[in-house]
S.K.: 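One structure follows; several queries about it will come next.
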Amino acid sequence: MNAPGLALMRVGLGTPLGLTAPTTLAAARAGIVRFAETTHEDRHGEPIRASRLTQLDPACERSRRIAALAGWAVQDCLATLSSQSPLPLYFAAPAASDAPVDEAAILEALRIEAPVPLELREVVRGGRAGMFQLLAAVARDAPPLALVLAADSLCDAITLQKLGERDRVLGSRRDGLIPGEAAGALLLAHDPAPTGERPLARITACTLGQVGRGPERVQALADGLGDVFARLARQPLVGAERPRCVASCQTGEVFEARAFSYAALRQAPLMPEPLVHLRACDSFGDTGAAAPALALALALHRLRAHPGRALLYASGEDGALGACVLDVAATDPGATS
């Protein structure tokens with residue numbers, strides 16, 4: 001996908017670190033985390049740690065958790081936006097898993113919470129790769145304004161139990177993920193922006209891919225990422241300028257870090273020098289479908305002080321891949337030399 005006119009106008013967040021983007025990013029920059037033991041145990045009898053929103057009861061089920069987080073993110077993103085026309089909504093929903101997700105209930109809650117009317121355009125259930133699939137959809141549909149929402153929770157009782165049973169959580173074996181939850185809302189526009197605001201950044205290019213069925217997990221992911229990065233680098237607007245940072249949606253598991261290392265070596269011209277790698281999981285744990293929005297917010301926060309571009313990427317549980325280039329110009333609001 002080539003998206004020269006796709007401008008990022010606003011970002012809203014709802015996370016365990018804060019119910020707005022400014023509070024969340026300030027806490028992340030200060031190194032604050034909300035990793036705490038739960039009453040659930042892994043296969044070895046150790047308490048599972050998770051990053052949960054304290055405003056929500058631990059017994060709150062998955063859909064209600066997602067709806068609450070998404071409501072805060074949308075309100076944060078759309079505050080002061082005046083629009084009588086319905087705003088197209090693109091929803092990056094959780095991938096299919098053991099804990100059911102009532103998308104209709106989540107969307108109904110959003111329509112009540114949102115300060116402007118919302119009109120659902122598309123739902124993707126791509127997990128961590130979903131937001132990138134929606135960026136391609138927005139570029140294709142070309143609405144003047146669009147709201148992309150990415151929200152998920154791995155902190156409900158059913159999901160925590162299943163992750164523990166499958167030995168996916170970080171614990172006694174010293175490799176695994178910390179379940180998290182979050183929501184991110186992005187207001188996107190095609191030039192010229194109808195709101196009259198100047199964009200925070202631009203999404204210069206986006207590519208999608210798929211992990212192959214190689215015999216070795218690390219090698220298959222490295223091959224898939226290498227292909228996505230190579231196609232991204234060939235897009236005309238990416239050019240020869242190196243990104244200042246990479247922002248990823250890794251879960252925290254070792255195989256993902258190894259796979260990225262191999263892919264980065266193969267596509268060295270697309271990587272920052274020195275390599276600055278922002279991992280959303282370091283601050284929030286694994287937030288599933290919400291992870292790309294958090295990675296984007298972390299990259300935007302960094303690039304405001306050091307204008308340039310960031311490489312964002314993610315891989316989903318089903319092997320779907322996505323990557324994009326986020327560009328913050330020195331003339332954009334908040335940017336300094």
Side-chain angles (χ1 to χ4, degrees), residues 1 14-15 60-71 73-74 88-111 114 118-141 146-163 166 168 177 179-186 188 206-213 221 224 228 248-251 256 280-281 284-296 312-324:
M1 180 198 84
T15 78
C60 186
E61 52 87 26
R62 191 179 190 187
S63 295
R64 289 177 58 199
R65 305 186 78 88
I66 295 172
L69 290 158
V74 168
L89 171 64
Y90 296 75
F91 180 29
S97 65
D98 299 293
V101 175
D102 189 341
E103 293 172 4
I106 294 171
L107 293 169
E108 182 59 31
L110 273 181
R111 290 190 175 98
L118 299 177
E119 178 187 323
L120 182 64
R121 286 287 181 88
E122 187 165 342
V123 177
V124 299
R125 301 165 185 86
R128 285 184 295 275
M131 192 190 83
F132 297 94
Q133 297 168 14
L134 289 182
L135 292 179
V138 173
R140 178 193 67 231
D141 296 348
L147 181 67
V148 171
L149 171 68
D152 204 347
S153 174
L154 278 64
C155 295
D156 62 283
I158 296 176
T159 302
L160 289 174
Q161 179 183 345
K162 294 300 182 181
L163 288 172
R166 292 169 182 154
R168 287 289 303 275
L177 57 86
E181 57 186 359
L186 314 178
L188 301 173
C206 182
T207 56
L208 305 174
Q210 186 74 28
V211 174
R213 297 185 178 274
L221 179 55
V228 167
S248 78
C249 304
Q250 291 184 16
T251 62
E256 289 193 333
C281 64
F284 307 99
D286 179 18
T287 55
L294 298 178
L296 182 148
L312 279 62
Y313 81 92
S315 61
E317 295 290 316
D318 62 352
L321 301 172
C324 74

S.K.: CE of Met131 to CZ of Phe91: how many Å apart, nearest 0.5 Å?
M.R.: 14.0 Å
S.K.: Looking at Ala151 and Ala183, what are the two nearest heavy atoms and their distance?
M.R.: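 Nearest pair, atom of Ala151 first, then Ala183: CB-CB, 3.7 Å.
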S.K.: Could Asp286 and Arg128 be called an ion pair, given the rule that one side-chain N must be under 4.0 Å from one carboxylate O?
M.R.: yes
S.K.: Is any side-chain heavy atom of Glu122 less than 4.5 Å from a side-chain heavy atom of Gln133?
M.R.: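 No - every pair of side-chain heavy atoms lies 4.5 Å or more apart.
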S.K.: Would you check if Leu321 and Thr207 make a side-chain contact, meaning some heavy-atom pair closer than 4.5 Å?
M.R.: no
S.K.: On a heavy-atom basis, which atom in Gly322 and which in Leu208 lie closest, and how many Å separate them?
M.R.: CA-CD2, 4.2 Å
S.K.: Looking at CG of Leu110 and CG of Leu149, how far apart are the two atoms once the value is rounded to the nearest 0.5 Å?
M.R.: 5.5 Å
S.K.: Does Glu256 reach the side chain of Ser315, with side-chain heavy atoms less than 4.5 Å apart?
M.R.: yes
S.K.: Run Arg168 and Lys162 through side chain to side chain contact (heavy atoms under 4.5 Å, CB included) and show every step you take.
M.R.: CA-CA 9 Å; Arg168 287 289 303 275; Lys162 294 300 182 181; over 6 Å; no
S.K.: Looking at CD of Glu119 and CG of Leu89, how far apart are the two atoms once the value is rounded to the nearest 0.5 Å?
M.R.: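 That separation rounds to 9.5 Å.
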S.K.: Name the one of Leu154, Leu294, Thr15 that satisfies side-chain contact (heavy atoms from CB on, under 4.5 Å) with Thr287?
M.R.: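 Going through Leu154, Leu294, Thr15 one by one, the side-chain contact (heavy atoms from CB on, under 4.5 Å) with Thr287 is satisfied by Leu294 alone.
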S.K.: Show your working on side chain to side chain contact (heavy atoms under 4.5 Å, CB included) between Leu120 and Arg111 and close with a plain yes or no.
M.R.: CA-CA 10 Å; Leu120 182 64; Arg111 290 190 175 98; 3.9 Å; yes
S.K.: Using a strict threshold of under 4.0 Å (side-chain N to carboxylate O), is an ion pair present between Asp102 and Arg62?
M.R.: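 Here Arg62 does not pair with Asp102 in a salt bridge, since their nearest N and O are not under 4.0 Å apart.
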S.K.: How close do Ala320 and Ala129 get, counting heavy atoms only, and between which atoms?
M.R.: O-CB, 3.6 Å
S.K.: Out of the candidates Leu147, Val138, Val123, Leu186, only one should pair with Tyr90 under the side-chain contact (heavy atoms from CB on, under 4.5 Å) rule; please name it.
M.R.: Val138
S.K.: Distance check, rounded to the nearest 0.5 Å: Cys206 atom SG versus Leu312 atom CG?
M.R.: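 Between atom SG of Cys206 and atom CG of Leu312 there are 9.5 Å.
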S.K.: Where is the tightest heavy-atom contact between Asp156 and Ala99, given as atom of each residue plus distance?
M.R.: OD2-CB, 3.4 Å
S.K.: For the atom pair SG (Cys60) and CZ (Arg65), what is the distance rounded to the nearest 0.5 Å?
M.R.: 5.5 Å
S.K.: Hey, mind stepping through Tyr313 and Cys249 against side chain to side chain contact (heavy atoms under 4.5 Å, CB included) and telling me if it holds?
M.R.: CA-CA 7 Å; Tyr313 81 92; Cys249 304; over 6 Å; no
S.K.: State, to 0.1 Å, how close Gly288 and Asp152 come at their nearest heavy-atom pair, and which atoms those are.
M.R.: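 Of all heavy-atom pairs spanning Gly288 and Asp152, the closest is CA-OD2, 3.5 Å.
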S.K.: Testing the basics here: between Gly126 and Ala95, what is the closest heavy-atom pair and its distance to 0.1 Å?
M.R.: C-CB, 4.5 Å
S.K.: Please round to the nearest 0.5 Å and tell me the distance separating atom CG of Leu135 and atom CZ of Arg140.
M.R.: 11.5 Å
S.K.: Taking side chain as C-beta onward, heavy atoms only, is Leu163 less than 4.5 Å from Thr159?
M.R.: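 They are in side-chain contact.
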S.K.: Check the pair Ser153, Ile66 against side chain to side chain contact (heavy atoms under 4.5 Å, CB included), reporting the backbone distance first and the verdict last.
M.R.: CA-CA 6 Å; Ser153 174; Ile66 295 172; 4.0 Å; yes
